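Within every chain, numbering begins at 1; the chains are lettered A, B, ... in the order of the sequence lines, protein sequences first and strands thereafter. Since the model is a prediction, treat every value here as computed from it, not as a measurement.
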Amino acid sequence: MSQPLILYNTRTRKKERFAPLQAGRVGMYTCGPTVYGPQHIGNLRSQLFADLLKRVLIAKGFALRHVINITDVGHLSDDGDDGEDKMERAATSSGERAEAIAARWTEHWRQNREALNCLPPEVLCKATEHIAEQIELGQKLEAAGHTYRLQEGIYFDIATFPAYAELARLELAGQTDAQRIEQVEAKRHPADFAIWKFSAAGVRRQQEWDSPWGRGFPGWHLECTAMSSLFLGRQFDIHTGGVDLAPVHHSNEVAQAECAFGVHPWVNFWCHNEFLDFQGVKMSKSLGNVLTLDDIAATGIPPLAFRYFFLQAHYRQQQTFTLSALRAAATGYRRLRGHADAVRQAEGDADAKRQAPWRERFASALADDLNAPRALAVVWDVVRSPELPAADQSALLQHFEPCLGLGLDEPVAAPAPEGDERIDALVAEREEARRTRAFTRADEIRNQLATEGITIEDTPEGPRWKRG
RNA sequence: GGCGCCGUAGCCAAGUGGUAAGGCACGGGACUGCAAAUCCCUGAACCCCGGUUCGAAUCCGGGCGGCGCCUCCA
């Protein structure tokens with residue numbers, strides 16, 4: 001377990017040995033949700049990735065401070081720079097206060113994470129609760145000559161930050177030719193971005209604040225820089241997010257931070273997860289091919305089966321999602337969990353020495369850029385090794401669980417006797433029929449219940465039934 | 001127009017130079033009155049072509065196909 005953790009760093013495009021700035025302590029920032037609606041399972045993949053990383057860091061013995069932000073203001077709804085704010089639009093169309101919408105979807109997101117066994121962050125911060133810090137950061141940038149004023153707002157001038165293209169290896173020259181979207185014409189460079197947007201003349205926004213530049217609201221990128229430095233300091237270890245964030249959002253964050261704080265590199269390790277593909281393309285709100293955790297739960301598949309599904313692919317690989325692939329994962333997950341349950345009470349002595357090879361293989365899989373699929377293969381090897389005493393199997397599974405977060409440490413929920421009198425009576429009648437070898441009648445009852453979606457399992461302790 | 005990723009058995013998916021992990025499904029078997037659940041056994045030479053090498057899924061070149069980013073997006 002002492003082997004070094006190797007992580008792929010987007011900043012250097014290499015797998016690197018992870019070492020924190022301060023020995024033993026890690027500061028990690030994860031870009032959180034924009035809370036104007038539900039998160040889909042593709043978004044959730046980013047949370048699962050960050051959680052896997054967090055769990056492995058903890059297993060490595062690091063003391064971790066994990067910060068996640070809630071974007072509850074300032075997100076534009078469409079291409080270009082004059083899109084409508086997503087929060088404002090959601091509020092306008094539903095007649096609710098923006099705060100109410102933000103609160104509802106923040107809670108929904110939090111419950112999703114909980115259902116997926118994502119460890120809670122040490123700090124969960126909201127953009128609207130740190131407006132002052134964002135303004136202060138903007139003023140710093142302004143004072144250092146990195147901004148200019150347009151009618152729409154205060155913009156960051158990327159020409160003042162030569163390292164702008166570094167993180168995402170951007171071709172800024174080629175970008176000028178692209179011209180695929182309408183830009184704010186007056187911008188000096190298409191990649192310049194707003195740090196503060198003005199409320200439109202005569203418009204009273206639900207979410208707006210006074211600033212030295214005028215009434216308005218902060219640009220999206222400002223919050224992450226302001227809040228991460230507030231909670232993690234001017235330089236920190238790890239920043240995570242989806243791959244799509246690197247070229248724009250994260251590049252902008254870097255520009256703001258390095259210009260305001262005079263540091264480089266601002267963040268040591270940039271870690272990005274790939275997309276979840278669905279129906280041949282990435283799952284995304286704009287394409288409309290989204291599924292939520294609620295949708296999955298509605299099919300009777302437990303949320304943790306989705307976590308298991310996630311662990312079956314490497315985080316830096318696009319993962320193909322289909323419902324049947326998820327069902328397959330759910331079957332494997334159910335069996336794995338059942339096995340963990342079965343060996344938990346095993347008699348006999350566990351022998352740490354005997355377990356060592358599996359511990360070693362599991363640890364090295366995760367240490368190698370979080371290779372969860374390989375780690376899962378080790379898990380199954382434990383389960384399918386008859387020569388390994390049950391007590392050792394159990395000890396190993398419990399040893400793995402803190403990294404996996406699959407709930408292998410919890411008893412499988414009892415088959416919940418639902419107590420439906422009619423069904424109970426039918427099941428009892430079937431039992432009686434079986435006893436008297438009236439199998440035709442017995443099967444008739446079973447088939448009848450099957451059409452209602454009820455399955456009967458005959459166990460040594462008698463029959464059991466369940467829905468689904 | 002620029003940048004990047006991927007193409008492994010029916011499906012999901014590891015493997016980045018030395019005789020191809022794992023899960024699911026299928027098939028066979030055990031168990032069962034029959035099923036279900038569970039357990040055991042079982043399958044693949046890696047998109048195509050050329051090259052490097054004693055040896056390539058793994059490196060290089062070309063081709064075909066898919067995806068992503070450069071624009072709100074995880």
Side-chain angles (χ1 to χ4, degrees), chain A residues 13 30-34 39-50 75-81 83-86 165 168-183 190-191 220 240-249 251 272-277 280-287 308-309 311-314 316-322 324-336 338-339 342 361 365 371-381 383-384 386 415 434 437-440 442-443 446-447 450 455-460 463-466:
Chain A
R13 302 286 165 104
T30 295
C31 283
T34 304
Q39 293 275 290
H40 62 250
I41 57 177
N43 296 320
L44 261 18
R45 188 181 188 199
S46 290
Q47 300 297 310
L48 285 168
F49 156 59
H75 228 159
L76 303 177
S77 64
D78 50 44
D79 294 356
D81 289 84
E84 193 184 0
D85 185 296
K86 285 177 177 174
R169 314 244 162 132
L170 300 174
E171 258 326 301
L172 291 174
Q175 217 175 322
T176 321
D177 303 325
Q179 295 185 334
R180 286 175 52 198
I181 59 157
E182 291 294 315
Q183 295 283 349
W220 172 37
T240 78
V243 275
D244 57 318
L245 296 184
V248 178
H249 182 51
S251 293
H272 295 98
N273 63 280
E274 257 297 348
F275 282 126
L276 186 68
D277 286 355
V281 291
K282 68 169 182 171
M283 181 175 288
S284 82
K285 283 169 207 158
S286 35
L287 295 173
Y308 179 91
F309 175 83
L311 292 171
Q312 284 186 311
H314 187 90
R316 277 194 298 116
Q317 219 57 54
Q318 294 173 8
Q319 183 174 19
T320 306
F321 180 89
T322 64
S324 61
L326 179 64
R327 286 210 179 90
T331 301
Y333 174 63
R334 187 187 68 228
R335 289 181 186 154
L336 175 59
H339 187 84
R361 283 202 287 141
N371 196 322
R374 230 168 80 203
L376 271 189
V378 176
V379 171
W380 280 104
D381 192 51
V383 170
R384 306 270 204 239
R434 292 180 70 211
R437 305 191 67 79
F439 296 124
T440 309
D443 291 347
R446 187 172 63 199
N447 293 336
T455 317
I456 295 180
E457 285 181 23
D458 292 325
T459 75
R464 239 187 248 154
W465 63 269
K466 62 179 181 187

B:G51 versus B:A57 - spacing of their P atoms, nearest Å: 15 Å
Rounded interatomic separation in angstrom, taking CG from A:L336 and C1' from B:U38: 15 Å
A:R13, CZ: over 12 other non-hydrogen atoms inside 6.0 angstrom: yes
Sugar-phosphate only, base, or nothing, as touched by A:V281 at under 4.0 Å among non-hydrogen atoms: sugar-phosphate
Whole-Å gap separating P (B:A13) and CZ (A:R316): 16 Å
Residues A:N43, A:K285; criterion side-chain contact (heavy atoms from CB on, under 4.5 Å); working and verdict: CA-CA 10 Å; A:N43 296 320; A:K285 283 169 207 158; 3.7 Å; yes
Side chain to side chain, A:T30 and A:F49, heavy atoms closer than 4.5 Å: no
Phosphate-side-chain proximity, A:R384 and B:G23, N/O vs OP1/OP2 below 4.0 Å: yes
Separation between the C1' atoms of B:C48 and B:G65, rounded to whole Å: 11 Å
Charged N-O contact under 4.0 Å between A:K282 and A:D244: no
Whole-angstrom distance between B:G61 and B:U38, as gauged at atom P: 49 Å
Phosphate OP1/OP2 of B:A25 contacted by A:R335 side-chain N/O (<4.0 Å): yes
Non-hydrogen side-chain atoms of A:F309 and A:L276 separated by less than 4.5 Å: yes
Any N/O donor-acceptor pair, A:R437 side-chain to B:G33 base, under 3.5 Å: no
Atom-to-atom span, CZ of A:F275 to C1' of B:G4 - whole angstrom: 13 Å
Nearest-Å distance once atom C1' is located in both B:U53 and B:U16: 16 Å
Candidate nucleotides B:A74, B:C67, B:G23, ranked by approach to the side chain of A:Q312 - the nearest: B:G23
Centroid distance under 5.5 Å and plane angle under 30°, A:W380 vs B:G22: no
Base B:A35 paired with A:D443 side chain (donor-acceptor, <3.5 Å): no
Pairwise P distance, B:C70 and B:A74 [rounded to whole Å]: 12 Å
Touch class at under 4.0 angstrom, heavy-atom based, for A:S324 against every strand present: nothing
Sugar-phosphate only, base, or nothing, as touched by A:I456 at under 4.0 Å among non-hydrogen atoms: base
Earlier contact from the 5' end, RNA chain B, for A:I41 and A:D458: A:D458
Touch class at under 4.0 angstrom, heavy-atom based, for A:H314 against every strand present: sugar-phosphate
Atom-pair distance (CZ on A:R334; P on B:C24), nearest Å: 10 Å
A:N371 side chain, from C-beta outward: closest of B:C24, B:C12, B:A14: B:A14
Mutual orientation of the aromatic rings belonging to A:H249 and A:W220 [parallel < 30°, tilted 30-60°, perpendicular > 60°]: parallel
Value in whole Å for how far the P atom of B:G33 lies from CZ of A:F439: 7 Å
Sugar-phosphate, base or nothing in reach of A:Y333, heavy atoms under 4.0 Å: nothing
Closest-nucleotide ordering on RNA chain B, the 5'-leading residue of A:A168 and A:G280: A:A168
Distance, rounded to the nearest Å, where A:Q317 contributes CD and B:G7 contributes P: 7 Å
N/O donor-acceptor pair, side chain A:R446 with base B:A35, under 3.5 angstrom: yes
Side-chain donor or acceptor of A:S251 paired with backbone N/O of A:A246 under 3.5 Å: yes
Sugar-phosphate, base or nothing in reach of A:Q47, heavy atoms under 4.0 Å: nothing
Side-chain donor/acceptor contact of A:D381 with base of B:G22 under 3.5 Å: no
Separation of B:U71 P from A:K282 NZ (nearest whole Å): 13 Å
Distance between P atoms of B:A45 and B:G10 (Å, rounded): 10 Å
Rounded distance in Å - CZ (A:R434) to P (B:U32): 11 Å
Whole-Å P distance, B:A56 and B:C49: 14 Å
Integer angstrom distance from the C1' of B:G55 to that of B:G18: 6 Å
Touch class at under 4.0 angstrom, heavy-atom based, for A:G241 against every strand present: sugar-phosphate
